[in-house]
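Working notes for the structure below.
The model shown is predicted, which means the values in this text are computed figures rather than measured ones.
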2 protein chains.
Amino acid sequence: MVNQKSLKRFLQYRLSLIKFQRLGFEKVFSYNLGKDVGVTAEQVRKDFSMFGLKGSKRGGYDIKYLLKTIDEIFKRNGERQVIIIGMGNIGQALCNYQGFKENNIIIVAGFDLDPAKYSKKYAIPVHSTDKMEEVIKKNSIRTAIIAVPEFAGQEVCDQLVSLGIKGILNFSPVNLKVPEDIVVNYVNLRNELESLFYYT
Amino acid sequence: MVNQKSLKRFLQYRLSLIKFQRLGFEKVFSYNLGKDVGVTAEQVRKDFSMFGLKGSKRGGYDIKYLLKTIDEIFKRNGERQVIIIGMGNIGQALCNYQGFKENNIIIVAGFDLDPAKYSKKYAIPVHSTDKMEEVIKKNSIRTAIIAVPEFAGQEVCDQLVSLGIKGILNFSPVNLKVPEDIVVNYVNLRNELESLFYYT
DNA sequence: ATTTTTTTGTTCCAAATTTCACAATAATTG
DNA sequence: CAATTATTGTGAAATTTGGAACAAAAAAAT
Ligand SMILES: NC(=O)c1ccc[n+]([C@@H]2O[C@H](COP(=O)([O-])OP(=O)(O)OC[C@H]3O[C@@H](n4cnc5c(N)ncnc54)[C@H](O)[C@@H]3O)[C@@H](O)[C@H]2O)c1
Ligand SMILES: NC(=O)c1ccc[n+]([C@@H]2O[C@H](COP(=O)([O-])OP(=O)(O)OC[C@H]3O[C@@H](n4cnc5c(N)ncnc54)[C@H](O)[C@@H]3O)[C@@H](O)[C@H]2O)c1
């Protein structure tokens, strides 16, 4: 299995590379990237080496080439579709975010139990959860965002897994029990905020 | 410096402990907590030992005592005030979230450059960024959430630091340059989602 | 009261991750 | 074109993190 941390660093490298490219650079050195992203130059080189990205000694790395390869790693050229379960605060914030479309990520639809959410006022169509199977199958969707309250997290997760979802971004503060081959990324906003109060 | 990961696990332990308490339990064993939170029992004991939390051999840990001590670690009994800079999608989602108030976290105010955001329709007062200093000083605020676009992240961060903020939750996809004594927690939603496409 | 069982607390061990160190080599300089 | 310099790529060392193992102690059983 691939190193999760390295994987997320690549997305930071990508942002940084685009920044350098906009500034007119064609090459970068490991320490340029490292400094901008907040890791050591050695870390950058190790990450690159792990995914087989090559630079030229003394000449550094070619930005275009790096971007192209990173794009391949994250399948940026294919369709990258995702659905959201739970169209409350978080679900709405995500579907209004422009940065996904700009980065080739399509939020196909939202799902909710509450009929009040099936309105036209959202950036994406919102359906009853009964329709999940249909939408997932029709679009061959493999990735989903769980943004339902804590008590519903595991239940929704089980549904998603049974419908063939392989990758989950989970906002509910629950440790999800999933089969081996399912990848879950956790975002626990309350913990991220609250842990700051330890220091302050 | 304290182990960041351990710190965040404590908040998960806390949630789990409350769950057990609601179910009528007064004691837990390390493996109960571990199973629920998704870590090993050894990890739980190690974490507890690191913060000086004591259990009784064969009797396990007293839930009330654990909760009380964890509450102290995160200063749950004092005022836990925070401000949000950037009242766009994320800023609004956060200020509408009930779970903060329920957990003794008060979002005192929001700040934005855009006057269209200074309306009464939000759950918290929203001011011009000019007012940041006044609000921070008056309430002795030490914790802030950055929810502005990428290009403004570092600038806002510098302002906050100069106004005495010590802990930052940063949603903008930038590596913030901060003095040693400032703690930053990063939430990069796009990376969390996009990294899933590596697998799917 | 003694033995057995169970669980903590901690030391030791293993795995994963990061940093160091340096040979290899490409670019630059003289 | 030889010497110098800068930077990559990677194997070894160091660090960090998590897991295993087990003695110590408390509870339960006999
Ligand atoms: N909003 C935040 O700032 C914030 C902060 C910390 C944690 N969270 C967590 O993120 C998650 C979402 O938060 P939110 O503020 O968006 O919640 P919310 O209550 O605003 O929205 C949840 C939505 O899920 C829907 N829902 C409930 N059960 C469902 C089910 N079984 N299937 C489909 N839809 C269902 C509800 O109808 C509602 O629309 C929660 O687990 C919350 O704990 C949110
Ligand atoms: N919304 C999402 O789902 C999402 C997903 C991934 C990343 N992000 C990141 O989170 C951050 C916030 O996202 P969003 O969708 O809420 O953005 P948004 O554009 O909806 O809101 C940003 C707000 O910040 C304000 N602002 C800009 N410069 C400011 C300044 N210097 N001082 C004060 N206010 C300022 C703007 O007026 C706007 O109201 C961004 O950095 C974005 O990249 C958001």
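- Using a 4.0 Å heavy-atom criterion, one finds that B/Ser30 contacts the sugar-phosphate atoms exclusively.
- In this structure, A/Arg9 reaches the C/dT18 phosphate: one of its side-chain N or O atoms is under 4.0 Å from OP1 or OP2.
- In this model, the phosphate group of D/dT8 is not approached by any side-chain N or O of A/Ser56 to a distance below 4.0 Å at OP1 or OP2.
- When the shell of 6.0 Å around CZ of B/Phe25 is examined, it contains 12 or fewer heavy atoms from other residues, nucleotides or ligands.
- Residue A/Thr40 places at least one side-chain N or O under 4.0 Å from the OP1 or OP2 atom of C/dT19.
- Atom-to-atom, CZ of B/Arg45 to P of C/dT6 comes out at 15 Å; the value is rounded to the nearest Å.
- Contacts of B/Gly60 with the nucleic acid, taken as non-hydrogen atoms under 4.0 Å apart, involve only primed sugar atoms and P, OP1 or OP2.
- Residue B/Tyr61 has a polar side-chain atom (N or O) positioned under 4.0 Å from OP1 or OP2 of C/dG9.
- A donor-acceptor contact under 3.5 Å is formed by the side chain of B/Lys57 with the base of C/dT8.
- Checked against D/dT17, C/dT19, D/dT8, the side chain of B/Asn3 finds its nearest nucleotide in D/dT17.
- Remark: B/Lys101 NZ is loosely packed, at most 12 non-hydrogen atoms of other residues, nucleotides or ligands lying under 6.0 Å away.
- Spacing between atom CD of B/Gln4 and atom C1' of C/dT17 amounts to 17 Å, rounded to whole angstrom units.
- If you measure from atom OH of A/Tyr31 to atom C1' of C/dT19, you get 19 Å, rounded to the nearest angstrom.
- Heavy atoms of A/Lys54 sit under 4.0 angstrom from primed sugar atoms or phosphate atoms, though from no base atom.
- The aromatic ring centroids of A/Tyr13 and A/Phe48 lie less than 6.0 Å from each other.
- Taking atom CZ on A/Phe29 and atom P on D/dG9, their separation rounds to 12 Å, with Å as the unit.
- A straight line from CG of B/Asp47 to P of C/dG9 spans 13 Å, rounded to a whole angstrom.
- At the phosphate of C/dG9, neither OP1 nor OP2 sits under 4.0 Å from any side-chain N or O atom of B/Ser49.
- Across the protein-nucleic acid pair, A/Phe51 atom CZ and D/dG9 atom P stand 15 Å apart, rounded to whole Å.
- Among the heavy atoms of the strands lying under 4.0 Å from B/Glu42 is at least one base atom, whether or not backbone atoms are also near.
- With respect to A/Arg14 and A/Asp71, a salt bridge is recorded, a charged nitrogen being found less than 4.0 Å from a carboxylate O.
- Residue whose closest nucleotide on DNA chain C sits further toward the 5' end, between B/Arg58 and B/Lys46: B/Arg58.
- Rounded to an integer number of Å, the gap from NZ of A/Lys27 to P of C/dA26 is 12 Å.
- Rounded to an integer number of Å, the gap from CE of B/Met50 to P of D/dT17 is 9 Å.
- Using modelled atom types and a 3.5 Å distance limit, the side chains of B/Asn139 and B/Glu79 yield no donor-acceptor pair.
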